Amino acid sequence: MVDLRTRYLGLDLRTPLAASASPLTGSLDGLRRLEAAGAAAVVLPSLFEEQLTLEAQQVGRLLEGGADSVSAALTLDDYNAGPSGYLALVEQAKATLQIPVIASLNGVTPGTWIKHASLLEEVGADALELNIYYVSSRPGLSGGEVEGNYLELVRAVRQTIGIPLAVKLSPYFSSVANLTRQLVEAGANGLVLFNRFYQPDLDLETLEVTPRLELSTSEELRLPLRWIAILHKQVPASLAASTGVHTAADVVKVLLAGADVAMMTSALLRHGPEHLAAVEAGLQDWLEERGMQSVGHLRGLRSQRSIRDPAAWERANYITMLASYPDQVHTEAR
């Protein structure tokens with residue numbers, strides 16, 4: 001049997017297949033199904049900065065008063081049901097599952113809500129994923145200021161917890177490589193590339209701005225694939241591929257680029273947790289057919305540092321694709 005074991009954020013995983021945040025990871029039932037189907041780690045849905053601000057202030061007062069445990073915090077009559085339920089889910093998941101449980105916070109500004117990270121660590125979370133989702137719509141706010149806010153946030157969370165910290169980023173930065181290096185220096189142990197912005201739409205009947213959620217496809221893999229290949233061994237951090245991981249072939253690609261884990265959401269929502277078993281079997285078969293004994297032999301084989309033409313992952317790829325387009329059309333037309 002091929003050895004599928006990998007390490008992510010310093011955690012030993014049975015395979016590189018992780019279930020990222022989704023409705024499936026928001027209940028103990030869903031988490032049990034994911035583990036049974038083969039998930040090597042799970043990321044719980046995010047708690048949001050907006051949701052936690054008032055509660056974090058209450059928790060701060062409680063901690064200053066010398067509360068002995070999270071259980072004491074949960075006895076507060078006015079404690080928000082969302083955050084308390086989340087803490088209970090982490091605690092139950094850790095008591096029930098044999099795989100790492102990664103909690104998640106979603107925020108953009110430093111504040112008292114960050115103290116909630118220490119409670120997540122206290123109830124047993126193996127790691128924390130910080131999902132930074134921010135759309136800068138202020139013309140007077142520079143890109144450098146936006147990045148500075150991100151770095152300040154990561155430093156604040158890092159000072160609050162002792163468990164591993166991953167940062168989930170968007171791709172919309174002028175220099176992703178530079179920012180990721182700074183994030184690691186600020187305390188990130190891993191990078192999740194990338195979070196997926198759910199863009200609003202316009203309803204032509206009501207003329208209202210409406211939310212619209214569409215699941216990803218494998219076509220969206222190319223963006224994280226490129227940046228994982230570029231960042232592999234350029235930054236001293238774990239790399240997770242997110243967005244567009246649907247099949248065993250997708251997993252093979254991100255491992256070749258240099259990812260430590262492949263995170264799946266849309267594929268599991270579309271096909272159910274049991275899809276993980278098919279993906280794992282496909283990965284196993286691909287490695288066996290090529291005589292590869294472990295995932296470690298595969299990782300990074302086609303990263304930017306490992307190929308003859310490193311520019312293939314950069315601007316040269318864009319030029320090559322444009323130049324080859326007429327030939328592709330001619331071939332397909334035959």
Side-chain angles (χ1 to χ4, degrees), residues 8-11 18-27 31 41-60 62-63 70 73-74 79-94 100-135 146-147 149-170 179-180 183-184 186-198 237-238 240 242 261 263 265:
Y8 175 59
L9 300 176
L11 304 169
S20 49
S22 81
L24 288 171
T25 64
S27 71
L31 292 169
V42 289
V43 183
L44 304 188
S46 291
L47 281 173
F48 285 79
E49 172 184 341
E50 294 87 345
Q51 180 185 9
L52 287 169
T53 300
L54 293 178
E55 288 80 1
Q57 291 172 355
Q58 294 171 341
V59 170
L62 185 68
L63 293 177
V70 172
L74 299 183
Y79 197 78
N80 183 279
S84 65
Y86 195 94
L87 292 170
L89 178 61
V90 174
E91 203 163 30
Q92 291 163 5
K94 282 303 299 173
V101 175
I102 301 172
S104 176
L105 290 177
N106 186 310
V108 294
T109 59
T112 55
W113 66 274
I114 289 173
K115 292 182 181 178
H116 204 83
S118 65
L119 295 181
L120 294 170
E121 178 176 14
E122 187 176 337
V123 295
D126 294 290
L128 178 65
E129 182 178 285
L130 180 60
N131 188 339
I132 306 177
Y133 183 103
Y134 179 59
V135 179
V146 172
E147 293 184 6
N149 291 340
Y150 278 38
L151 294 170
E152 185 183 356
L153 180 59
V154 171
R155 290 189 195 100
V157 175
R158 176 73 282 165
Q159 290 170 6
T160 304
I161 59 172
I163 55 177
L165 173 64
V167 177
K168 192 170 188 177
L169 280 175
S170 85
L179 177 61
T180 53
L183 287 168
V184 172
N189 305 107
L191 302 166
V192 183
L193 309 173
F194 292 104
N195 66 23
R196 193 163 175 260
F197 283 2
Y198 294 109
S238 291
S242 181
V261 295
M263 292 193 167
T265 301

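Please read these numbers as outputs of a predicted model, since none were measured by experiment.
When all heavy atoms are compared, the tightest approach of G26 to L89 is O-CD2, 3.6 Å. Scanning all heavy atoms of the two residues, the minimum distance from G124 to V90 falls at C-CG1, 4.3 Å. Looking at every heavy atom in both residues, T265 comes nearest to S22 through CG2-CB, 3.6 Å. Residue A93 comes nearest to V101 through the heavy atom pair CB-CG2, 4.0 Å, listed as atom of the first residue, atom of the second, then distance.
Although no hydrogens or angles enter the test, the distance criterion places a donor-acceptor pair under 3.5 Å between the side chain of T160 and the main chain of A156.
Rounding to the nearest 0.5 angstrom, the gap separating the OG atom in S238 from the CG atom in L191 is 8.5 Å. In this structure, I161 CD1 and E121 CD are separated by 6.5 Å, a value rounded to the nearest 0.5 Å. Atom OG of S20 sits about 10.0 Å away from atom CG of N131, to the nearest 0.5 Å.
Taking the side-chain contact (heavy atoms from CB on, under 4.5 Å) definition, one finds that A240 meets it with Y8, V192, V261, M263, sequence neighbours left out. Residues that satisfy the side-chain contact (heavy atoms from CB on, under 4.5 Å) test with A186, not counting sequence neighbours, are L151, V154, R155. Not counting sequence neighbours, the partners of A103 by the side-chain contact (heavy atoms from CB on, under 4.5 Å) test are Y86, L120, A125, L128. By the side-chain contact (heavy atoms from CB on, under 4.5 Å) test, P45 is found to be paired with T25, residues two or more places apart in sequence or in another chain being considered. In this structure N106 satisfies the side-chain hydrogen bond (donor to acceptor under 3.5 Å, both in side chains) test with no other residue, sequence neighbours excluded. Taking the side-chain hydrogen bond (donor to acceptor under 3.5 Å, both in side chains) definition, one finds that T109 meets it with E49, sequence neighbours left out. With sequence neighbours excluded, the residues that form a ring-ring contact (aromatic ring centres under 6.0 Å, His included) with Y150 are F173. Qualifying salt bridge (Lys or Arg N to Asp or Glu O under 4.0 Å) partners for R158, counting only residues two or more places apart in sequence or in other chains: none. With sequence neighbours excluded, the residues forming a side-chain hydrogen bond (donor to acceptor under 3.5 Å, both in side chains) with S46 are S104, listed by chain and number. Partners of S242 under the side-chain hydrogen bond (donor to acceptor under 3.5 Å, both in side chains) rule, at least two apart in sequence or in another chain, do not exist in this structure.
Side-chain contact between I132 and V167 is present, with heavy atoms from C-beta onward closer than 4.5 Å. The shortest distance between side-chain heavy atoms of L105 and L52 falls below 4.5 Å. By the 4.5 Å heavy-atom criterion applied to side chains, L165 and V157 are counted as neighbours. The shortest side-chain heavy-atom distance between L153 and L130 falls under the 4.5 Å cut-off. With contacts defined as side-chain heavy-atom distances shorter than 4.5 Å, the pair L169/L183 qualifies. Taking 4.5 Å as the limit, some side-chain heavy atom of L87 sits within range of a side-chain heavy atom of H116.
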Candidate pair D126 and K94, rule side-chain contact (heavy atoms from CB on, under 4.5 Å), full reasoning:
CA-CA 9 Å; D126 294 290; K94 282 303 299 173; 2.9 Å; yes
